[in-house]
Amino acid sequence: MEERNFYTESEESYPSTLHCPHCRQSGEYKLRWAVRKKRAALPPRASETDRAKFAKFSSYKVRKDDLMACQNIRCRRRFEVSGVQSVVQM
């Protein structure tokens, strides 16, 4: 079985305070996350190896945005998101 059979996936956005390295202004940005929640039960066609894998899996979030555009009207440069984890266990 594939890993996507063990999770339900959705997209959510969470606010985060980021600092533009070009103009040095901070702002509240909404970062998009892919949220993968572990299903309550295995599909009926699962084998013993799939059951062992499912027992080890847990829910997690993966950050989708790596670059953000500055909110300052005079700057508007794109900068890399740093200081925010890319994968978070739930």
Side-chain angles (χ1 to χ4, degrees):
M1 293 182 73
E2 294 183 21
E3 185 176 334
R4 66 180 167 198
N5 295 334
F6 300 128
Y7 292 105
T8 56
E9 188 168 335
S10 63
E11 186 174 307
E12 296 180 12
S13 60
Y14 295 99
S16 181
T17 302
L18 300 174
H19 303 278
C20 176
H22 307 290
C23 66
R24 294 179 172 49
Q25 278 194 329
S26 63
E28 195 75 17
Y29 296 88
K30 288 200 172 219
L31 294 176
R32 293 179 307 138
W33 294 81
V35 179
R36 294 190 178 121
K37 293 183 182 177
K38 184 178 171 181
R39 292 185 188 252
L42 271 170
R45 64 184 184 280
S47 66
E48 287 300 318
T49 56
D50 294 334
R51 292 186 203 315
K53 285 181 188 178
F54 185 74
K56 293 180 184 178
F57 287 154
S58 63
S59 300
Y60 64 97
K61 298 187 295 187
V62 178
R63 189 182 74 223
K64 286 186 146 185
D65 294 325
D66 290 334
L67 295 173
M68 297 299 292
C70 182
Q71 292 176 344
N72 184 355
I73 296 172
R74 292 184 194 105
C75 180
R76 292 288 185 198
R77 287 178 152 171
R78 293 172 59 96
F79 62 93
E80 191 171 316
V81 175
S82 61
V84 180
Q85 290 181 332
S86 59
V87 177
V88 178
Q89 295 291 328
M90 295 173 38

Exercise. Can you list the steps and then say if Arg45 with Asp50 is a side-chain contact (heavy atoms from CB on, under 4.5 Å)?
Worked result: CA-CA 9 Å; Arg45 64 184 184 280; Asp50 294 334; over 6 Å; no
Problem set entry | Test side-chain contact (heavy atoms from CB on, under 4.5 Å) applied to Gln25 and Gln71, step by step | CA-CA 9 Å; Gln25 278 194 329; Gln71 292 176 344; over 6 Å; no
Problem set entry | Derivation of the side-chain contact (heavy atoms from CB on, under 4.5 Å) call for Tyr29 and Val81 | CA-CA 10 Å; Tyr29 296 88; Val81 175; over 6 Å; no
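In this structure, CZ in Phe6 is found 13.5 Å from OG in Ser59, a value given to the nearest 0.5 Å. Rounded to the nearest 0.5 angstrom, Lys53 NZ and Leu42 CG are separated by 11.5 Å. For the atom pair NZ (Lys30) and OG (Ser13), the distance works out to 4.5 Å, reported to the nearest 0.5 Å. Atom NE2 of His19 is separated from atom CZ of Phe79 by 9.5 Å, given to the nearest 0.5 angstrom. Note: Glu3 CD to Glu9 CD = 9.5 Å, rounded to the nearest 0.5 Å. Taking CE of Met68 as the reference point, atom SG of Cys20 lies at 11.5 Å (rounded to 0.5 Å).
Among pairs with a residue in residues 58-67, those fulfilling salt bridge (Lys or Arg N to Asp or Glu O under 4.0 Å) read Glu11-Lys64, Arg32-Asp65, Arg63-Asp66, at least two apart in sequence or across chains. For residues 76-86, the set of pairs meeting the side-chain hydrogen bond (donor to acceptor under 3.5 Å, both in side chains) definition, not counting sequence neighbours, comprises His22-Arg77.
For Arg4, the CZ atom is loosely surrounded, since the number of other residues' heavy atoms within 6.0 Å does not exceed 12.
Across every non-hydrogen atom of Ser58 and Gln89, the tightest pair is OG-OE1, 2.8 Å. Pairing each heavy atom of Ala55 with each of Lys38, the nearest pair is O-NZ, 4.0 Å.
Arg24 is linked by a side-chain hydrogen bond (donor to acceptor under 3.5 Å, both in side chains) to nothing, counting only residues two or more places apart in sequence or in another chain.
Cluster membership check: Tyr14 shares its hydrophobic cluster with Leu18, using side-chain heavy-atom separations under 4.5 Å among Ile, Leu, Val, Met, Phe, Trp and Tyr.
Phe57 and Tyr7 have tilted rings, their planes meeting at an angle from 30° to 60° on a 0 to 90° scale.
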